[in-house]
Each structure stands twice: as C-alpha cells, then as structure tokens.
Amino acid sequence: MTTTKKLRLGPLPKTESVKLTFACPASLKADLDRYASLHAQAYGEAVDAEKLIPHMLEAFMAGDRGFRKGTATRSAPSKPT
C-alpha cells in the first residue's frame, strides 16, 4: 500500500450486481473519477468510478441514522392487539 491516506471506502468486495442507470452533473462525475484514482492508489487495484457508486451509496445509507431507524421500525414484527 502507498502512503496515500486511507479512504472511507475500503477495498471493494465482490458482489452480485443489478444494472442501474442514472444521470449526474459533470462536476460529480469528475469527483467520482478523482476518487476512483485515489482508490486505485490506496488499494493497488484500478476501479472505474461507476463501480464505486453502489459501495458509496451503501456506505452512505449505513451511516444515515434516520434511514436505519426507519428501516428498523418497518422491519420489526408487529405486536398482536
């Protein structure tokens, strides 16, 4: 590993994928490309920016307390009345 600072998004796991298409501003795409470059430097494996997006979204949602609370409430079994 290089002396590059560790990124919040660690090495990418191998996962099953479903294709999803979305549009984003050119500035965001440029940031994603820069992040992909830094990720490659930090972990020694080239990755396309498009491959990072699902992992970034997953990390974002895992860190979103409001989402976690809403998900926990919905998935909890209902109590009989």
* **side chain to side chain donor-acceptor pair (under 3.5 Å) against Asp64, all qualifying residues, sequence neighbours excluded** =>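 Checked Asp64 against side chain to side chain donor-acceptor pair (under 3.5 Å); zero matches.
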
* Spatial distance of atom NE2 (His39) from atom CD (Glu45) [nearest 0.5 Å] ->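 Taking NE2 in His39 and CD in Glu45, the distance rounds to 8.5 Å.
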
* So how far is it from Tyr35 OH to Leu7 CG, rounded to the nearest 0.5 Å? ->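 It is 4.0 Å, given to the nearest 0.5 Å.
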
* Asked: Does atom CD of Glu58 have more than 12 heavy-atom neighbours from other groups under 6.0 Å away?
  ->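 Not buried by this count: 12 neighbours or fewer within 6.0 Å.
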
* **Same apolar cluster (I L V M F W Y, side chains within < 4.5 Å links), Phe60/Val18** =>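 Result: no, two separate clusters.
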
* **Residue pair Ala46 / Ala40: nearest heavy atoms and the distance that separates them** =>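 Heavy atoms only, the tightest pair is CA-CB, 3.9 Å.
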
* Listed by chain and number, what are the side-chain contact (heavy atoms from CB on, under 4.5 Å) partners of Leu28, not counting sequence neighbours? ->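 Here the qualifying residues are Cys24, Pro25, Leu32.
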
* **Side-chain heavy atoms of Glu50 within contact of Lys29, under 4.5 Å** =>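 They are in contact (side-chain heavy atoms under 4.5 Å apart), so the answer is yes.
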
* Asp48 side chain near Lys51 side chain, heavy-atom distance below 4.5 Å ->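 Yes; the side chains approach each other to less than 4.5 Å.
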
